Amino acid sequence: MFDFKGTAMSPEECKFFLSRYSFGSLITSDLQISHVPFIFSGDNLIETHLASGNPQLEFLHDQTCLLSVLGPHAFISTEYYTAKPAVPTWNYASVSIRGKSRYLTSYELEVSLDRMLAQFQPKLLRDKQSLPDDFRQRLMCGIKGVSIEVTEIKGKLKLGQHRSRVDQFGVFEQLEQNAQQGYARFAQEWLRHFR
């Protein structure tokens with residue numbers, strides 16, 4: 001894997017990416033990692049939650065942390081290109097967020113969970129049979145909410161955008177045939193929308 005060409009995402013692209021991909025790896029200064037769902041407010045605020053017993057929580061109050069979000073990715077064989085010479089590579093899109101974390105209050109956690117439900121399963125907000133209030137309150141006792149004020153956001157795209165249109169479409173065709181439709185659709189939409 002020798003092909004390192006990629007481009008940085010603009011702030012607008014990073015926000016667009018985070019509106020579509022809401023699961024990441026939360027890394028603290030002690031190098032612990034938790035894989036968490038999150039919501040991004042669009043105004044430099046990330047909200048998530050962890051199990052109350054998670055030892056990583058010790059390193060998430062008034063401390064710097066990193067959230068790494070990997071989007072669609074795929075192995076790209078040299079066989080997918082018409083132009084030669086070529087090397088195999090791995091194409092991907094990712095965003096890394098650095099920020100200062102703090103604990104959410106009980107009220108803030110409740111509001112954050114409502115925002116998360118509104119984003120991922122809005123009907124559940126009104127479905128008191130599936131999620132009765134007393135059941136929800138008991139479950140909330142088992143989690144701790146965390147807010148991350150974004151201080152730095154970096155995104156990187158490696159979609160083969162330096163390749164010719166013929167090679168790009170050849171890659172998309174091959175990936176769709178090899179059950180990698182998700183990546184192919186993402187890359188085509190991204191290149192159409194932003195490039």
Side-chain angles (χ1 to χ4, degrees), residues 1-42 44-48 50 56 59 64-101 116 119-120 146 148-195:
M1 313 302 165
F2 305 105
D3 186 358
F4 298 109
K5 290 186 169 87
T7 36
M9 288 186 202
S10 69
E12 177 189 331
E13 288 174 310
C14 288
K15 290 177 181 183
F16 179 80
F17 179 90
L18 292 172
S19 73
R20 286 186 154 69
Y21 300 98
S22 302
F23 193 79
S25 299
L26 182 62
I27 305 160
T28 46
S29 60
D30 64 334
L31 301 183
Q32 289 188 69
I33 298 175
S34 293
H35 306 288
V36 296
F38 65 88
I39 51 175
F40 177 60
S41 67
N44 294 333
L45 194 64
I46 299 280
E47 293 174 3
T48 188
L50 290 86
Q56 192 175 21
F59 298 91
T64 299
C65 62
L66 182 69
L67 181 66
S68 177
V69 184
L70 180 62
H73 55 91
F75 173 73
I76 310 300
S77 169
T78 56
E79 296 171 4
Y80 300 171
Y81 298 130
T82 55
K84 305 290 186 220
V87 296
T89 192
W90 206 281
N91 282 2
Y92 63 92
S94 67
V95 169
S96 295
I97 300 160
R98 184 180 311 275
K100 184 148 187 195
S101 60
M116 195 170 273
Q119 184 169 333
F120 298 114
V146 176
I148 302 167
E149 184 181 342
V150 178
T151 56
E152 181 181 31
I153 187 166
K154 291 181 182 178
K156 184 165 181 187
L157 291 169
K158 189 169 168 304
L159 305 178
Q161 57 269 48
H162 66 289
R163 306 286 308 189
S164 71
R165 284 280 202 221
V166 171
D167 275 349
Q168 287 178 2
F169 286 108
V171 166
F172 300 149
E173 280 181 30
Q174 290 294 323
L175 292 174
E176 286 177 352
Q177 292 172 15
N178 296 331
Q180 293 283 334
Q181 297 95 343
Y183 169 81
R185 278 191 225 114
F186 168 83
Q188 289 176 70
E189 177 188 2
W190 195 279
L191 293 170
R192 204 170 30 252
H193 188 74
F194 287 107
R195 306 290 171 182

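Because the structure is a prediction, the values reported are computed rather than measured. Computation of the quantities below employed the complete heavy-atom set of this structure, encompassing side-chain atoms and omitting hydrogens, waters and symmetry-equivalent molecules.
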Trainee: Measure the spacing between CG of Leu66 and CD1 of Ile27 and express it to the nearest 0.5 Å.
Mentor: 4.5 Å
Trainee: Taking Gln188 for its side chain and Ala184 for its backbone only, find out whether a donor-acceptor pair lies under 3.5 Å.
Mentor: yes
Trainee: How close do Val146 and Ser101 get, heavy atom to heavy atom, and via which atoms?
Mentor: CG1-CB, 4.0 Å
Trainee: Heavy atoms only: give me the nearest Ala83-Arg163 pair and the separation to one decimal.
Mentor: O-NH2, 3.5 Å
Trainee: Less than 4.5 Å apart, any side-chain heavy atom of Thr151 and any of Thr64?
Mentor: no
Trainee: What is the distance from atom NZ of Lys154 to atom SG of Cys14, rounded to the nearest 0.5 Å?
Mentor: 10.5 Å
Trainee: Aromatic rings Phe186 and Tyr183: how do their planes relate, parallel, tilted or perpendicular, breaks at 30° and 60°?
Mentor: tilted
Trainee: So, do Phe40 and Val69 sit near enough that their side-chain heavy atoms are less than 4.5 Å apart?
Mentor: no
Trainee: May I ask you to decide if Tyr80's main-chain N or O and Gln174's side chain share a donor-acceptor pair within less than 3.5 Å?
Mentor: no
Trainee: Using a 6.0 Å cut-off, check whether atom CD of Glu152 has over 12 heavy atoms from anything other than its own residue.
Mentor: yes
Trainee: Taking side chain as C-beta onward, heavy atoms only, is Val95 less than 4.5 Å from Tyr21?
Mentor: no
Trainee: Between atom NE2 of His162 and atom OG1 of Thr7, what is the distance when rounded to the nearest 0.5 Å?
Mentor: 10.5 Å
Trainee: How close do Phe38 and Gly24 get, heavy atom to heavy atom, and via which atoms?
Mentor: CE2-N, 3.8 Å
Trainee: Can you tell me how far apart CE (Met116) and CD1 (Ile39) are? Round to the nearest 0.5 Å.
Mentor: 5.0 Å
Trainee: Less than 3.5 Å apart, any donor N or O on the side chain of Gln119 or Ser22 sitting next to an acceptor on the other?
Mentor: yes
Trainee: Do Leu157 and Phe17 have side chains that approach each other closer than 4.5 Å (heavy atoms only, starting at C-beta)?
Mentor: no
Trainee: At their closest point, which heavy atom of Ala86 faces which heavy atom of Thr78, and how far apart are they?
Mentor: O-CG2, 3.4 Å
Trainee: Would a distance-only check, ignoring hydrogens and angles, find a side-chain to backbone donor-acceptor pair under 3.5 Å from Lys158 to Trp90?
Mentor: yes
Trainee: Kindly compute the distance separating CZ (Arg185) from CG (Leu175), expressed to the nearest 0.5 Å.
Mentor: 11.5 Å
Trainee: Are Leu67 and Thr48 side-chain neighbours, meaning at least one heavy-atom pair lies under 4.5 Å?
Mentor: no
Trainee: Are any side-chain N or O atoms of Asn91 and backbone N or O atoms of Ala74, one a donor and one an acceptor, separated by less than 3.5 Å?
Mentor: no
Trainee: Measure the spacing between OG of Ser68 and CD1 of Ile97 and express it to the nearest 0.5 Å.
Mentor: 9.0 Å
Trainee: So, do Leu18 and Ile153 sit near enough that their side-chain heavy atoms are less than 4.5 Å apart?
Mentor: yes
Trainee: Could you pull out the closest heavy-atom pair between His35 and Ser25, with the gap in Å?
Mentor: ND1-OG, 3.0 Å
Trainee: Are any of the side-chain heavy atoms of Phe59 and Cys65 separated by less than 4.5 Å?
Mentor: no
Trainee: Give the ring-plane orientation class for Phe16 versus Phe194, where under 30° counts as parallel, over 60° as perpendicular and anything between as tilted.
Mentor: perpendicular
Trainee: Return yes if some donor-acceptor pair links the side-chain N/O of Lys156 with the main-chain N/O of Ser96 below 3.5 Å, else return no.
Mentor: no
Trainee: Which heavy-atom pair separates Ala93 from Met9 by the least distance, and what is that distance?
Mentor: CB-CE, 4.2 Å
